[in-house]
Amino acid sequence: MEPDKIKTLSFNIGIWNLYFITKLIMSIKGSIGFSPLYNFTLFVFFLIPTKKGMPEILKNFIGFCLAISCLYYDSFLPPLARFVEQFSQLQQFDSTYLIEILFRFIDQDTLVFFAFLSITYYLANKIFKVTSFVLIAMLYISFIQQSQPFFIQSEQAPRHTLQSTTNTLVKQKNESQSDLDLNQLKSDFFINEESKTSTLHSKLSLGSNFDILLLNICSIAWDDLDLTGQINHPLFDEFDIFFENFNSATSYSGPAIIRLLRASCGQQEHTDLFSPPNNKKCLLFQNLEKIGFKNELILNHDGNFGNFMTHISNNVGGIKSKVDLKSLQPYQKSFDGSSIYRDFTILTKWLTEYSSPQNAPTITLYNSISAHDGNRIIRNDTNGSLLSYKKQQKNILDDLYNFMDQLKKSQRNFVVVFVPEHGAALRGDKMQIQGMREIPTRIITHVPVGIKLLGSKLNLQGGSIKLNQPSSYLAISDLIGNIITHDIFSGKPFHLTELVNDLDHVEFLSQNQGTTMMNVQGSYYLTLDNKNWIQYSE
């Protein structure tokens, strides 16, 4: 071939230097890893000479695809298979939400930084060969990576007044904890949980009638309250019993509602949640129905997304939402385009028009998705769901606080349980962007749970009580059993300590499909394949 038709091999990869410079800076900051094998292979690929015209375009197109793949490989995001598994649900998101999620991967600061880097590269490239310096930097980073323990440090989240829920630090697992050890600990955890049953299994008899209202609220965790400044909202002062260290055990709504409805047993493996329960005594609503409670359901949404209503029906049976939403004006549009209704409006309508008199005690599940990621308040000018979350969250807390006042005025006997499904993951971390909850980290599943006792004959001695032992859903079932046993609505004096004695406690272990996060002696470990583990520690 003639020399003028072939580019001579020169040690210059041109504009692709920016790609490697950016990755090197991100690697030094701990935002991504750096694979010497794949990055040097890609570097050599860009050095290959090509003909002019189409081959050059083809090379850059192939190089672009390889560069994106290499960047994703070096990132700490979950394996791409996770997104494939969730594709059917992603298809239900509206286009606005999908675009917003896409732009969360790149923030304004990143764009400004890249613009500055591009200008700097343009000027520097006129003075010296940038490619040589990029190669030296890549060799240096690779050498440092081999000579020091690899680690990835995420941003530290502020501590709130109750307990630290800092963001995580991902690093190689401690050599004292092998994969075999951690898999055994996980197996032992579920064997122990399988043996647990609630005090509701006893042959209890209901003395004085009272109603139970479960306020199952989506996307509110301690970390979210800390971020929005609502950690001291007056609603939390209303609760008589407060679980400060409660684990929702999952970061998705479907598994969360199943875990709540099966609260009368110990924590189940995630894969077992979607099969009929082996032990019918696990079903909270069924246990209370045997004592004399009538089952009720209220939703502020249609319940279609993610087979949500199916999950409820499979664990309660034949239950339907009592409040007709068609007669109400929607307050929000959901991430899938469906309507969401104001919490205070729904609950007040239920209390005044649908709620049964106390000669027929009820247990009512209320589920709200008002703060779910991707929701948008109708006729509101706030752009982006993350920016509007603060307002949405405050509206929910205000609505529940005002509704609590309505319950007091009703003079009826109520046990109100505020139990969020999971958090909103507003901060994000190195392995998942803001709003994504594929990995059930502690900042997502560490939720505030409170119990309020209401009734004209209550003779409570002493003040409220806060519990700091690690707890989950079985403790709620046990507490309801203790309330029935002590017949607190009969007018006789009682202390809250009598109700919280011997409640179940359980160490932190949270799961989604194929993902487990586990606490072992104060350190957090993650597996994405149920075999190999990496360490998260606060």
Side-chain angles (χ1 to χ4, degrees), residues 162 196-215 234-246 260 263-264 281 284-285 287-294 296 351 355-366 400-401 403-419 448-506:
L162 290 173
K196 293 180 179 180
T197 54
S198 174
T199 54
L200 274 176
H201 297 165
S202 304
K203 294 182 179 180
L204 300 176
S205 58
L206 187 63
S208 305
N209 284 348
F210 65 94
D211 296 316
I212 302 170
L213 176 60
L214 302 177
L215 300 173
L235 172 68
F236 301 129
D237 294 329
E238 290 288 318
F239 297 126
D240 298 300
I241 301 171
F242 212 169
F243 291 88
E244 295 183 337
N245 197 8
F246 191 97
L260 176 59
S264 293
K281 292 182 178 180
L284 175 65
F285 275 57
N287 290 330
L288 288 167
E289 189 175 25
K290 291 178 180 178
I291 298 172
F293 285 83
K294 180 182 176 183
E296 292 186 353
L351 182 65
S355 183
S356 304
Q358 282 196 323
N359 57 8
T362 61
I363 174 169
T364 303
L365 171 66
Y366 174 65
L400 296 182
Y401 178 73
F403 176 68
M404 203 76 76
D405 188 57
Q406 297 295 315
L407 289 179
K408 293 176 185 177
K409 292 177 181 178
S410 73
Q411 295 292 304
R412 291 171 53 178
N413 297 337
F414 265 103
V415 173
V416 182
V417 183
F418 173 81
V419 50
V449 171
I451 287 82
K452 179 66 178 178
L453 306 174
L454 296 168
S456 58
K457 292 185 179 181
L458 280 176
N459 192 358
L460 175 59
Q461 307 294 302
S464 60
I465 187 170
K466 295 181 178 180
L467 305 175
N468 195 42
Q469 71 261 27
S471 306
S472 197
Y473 299 100
L474 181 54
I476 293 176
S477 180
D478 284 346
L479 179 58
I480 293 173
N482 291 346
I483 289 172
I484 295 172
T485 300
H486 287 82
D487 195 17
I488 64 173
F489 293 100
S490 65
K492 64 181 181 181
F494 70 97
H495 291 82
L496 293 175
T497 52
E498 301 172 36
L499 304 182
V500 300
N501 279 341
D502 300 323
L503 294 184
D504 178 69
H505 67 273
V506 56

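What you see is a predicted model, and the numbers here were worked out from it, not measured in a lab. Side chains are part of it too, since the values below use all heavy atoms of this structure and drop only hydrogens, waters and symmetry mates. Position 1 is the first residue of the sequence; numbering continues from there.
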Looking at [Y], is its backbone amide N or carbonyl O close enough to the side chain of [X] to form a donor-acceptor pair, meaning the two atoms are under 3.5 Å apart?
| X | Y | answer |
| --- | --- | --- |
| Asp487 | Ser208 | yes |
| Thr362 | Thr364 | no |
| Lys452 | Val416 | no |
| Asn245 | Ser471 | no |
| Asp478 | Leu503 | no |

For [X] and [Y], work out which heavy atoms get closest and say how close.
| X | Y | result |
| --- | --- | --- |
| Ser477 | Ala263 | CB-O, 3.4 Å |
| Gly455 | Asn413 | CA-OD1, 3.3 Å |
| Glu238 | Tyr401 | OE2-CE1, 3.7 Å |
| Phe239 | Ser464 | O-CB, 3.7 Å |

Drop me the distance from [X]'s [atom1] to [Y]'s [atom2], to the nearest 0.5 angstrom.
| X | Y | atom1 | atom2 | result |
| --- | --- | --- | --- | --- |
| Leu213 | Phe414 | CG | CZ | 6.5 Å |
| Ile465 | Phe243 | CD1 | CZ | 9.5 Å |
| Thr197 | Asn287 | OG1 | CG | 10.0 Å |
| Ser410 | Leu454 | OG | CG | 7.5 Å |
| Ile483 | Leu206 | CD1 | CG | 11.5 Å |
| Leu214 | Phe418 | CG | CZ | 12.5 Å |

Do [X] and [Y] touch side chain to side chain, with heavy atoms closer than 4.5 Å?
| X | Y | answer |
| --- | --- | --- |
| Leu460 | Leu453 | no |
| Ile484 | Thr199 | no |
| Leu499 | Asp240 | no |
| Gln406 | Leu351 | yes |
| Leu407 | Phe403 | yes |

Checklist entry - Would Leu474 and Val506 satisfy side chain to side chain contact (heavy atoms under 4.5 Å, CB included), going step by step from the backbone distance to the final call? => result CA-CA 9 Å; Leu474 181 54; Val506 56; over 6 Å; no

Checklist entry - Leu479 and Val417: side chain to side chain contact (heavy atoms under 4.5 Å, CB included), yes or no, with the steps? => result CA-CA 10 Å; Leu479 179 58; Val417 183; over 6 Å; no

Item to check | Sequence neighbours excluded, every pair satisfying salt bridge (Lys or Arg N to Asp or Glu O under 4.0 Å) that has a member inside residues 488-504 | outcome: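 Found Lys196-Asp504.
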
Next on the checklist: Before you tell me yes or no, could you show the steps for Leu284 and Tyr473 under side chain to side chain contact (heavy atoms under 4.5 Å, CB included), namely the whole-Å CA-CA distance, both residues' side-chain angles and the distance that decides it to 0.1 Å?
Outcome noted: CA-CA 10 Å; Leu284 175 65; Tyr473 299 100; over 6 Å; no

Next on the checklist: Show me the pairs that pass ring pair (Phe, Tyr, Trp, His ring centres under 6.0 Å) and involve residues 482-505, at least two apart or across chains.
Outcome noted: Phe210-Phe489

Item to check | Of Asn459, Leu458, Leu496, the residue whose pairing with Ile488 passes side chain to side chain contact (heavy atoms under 4.5 Å, CB included) | outcome: Leu458

Checklist entry - Do Leu400 and Met404 pass the side chain to side chain contact (heavy atoms under 4.5 Å, CB included) test, and can you show the C-alpha distance, the side-chain angles, and the key distance before you say yes or no? => result CA-CA 6 Å; Leu400 296 182; Met404 203 76 76; 5.9 Å; no

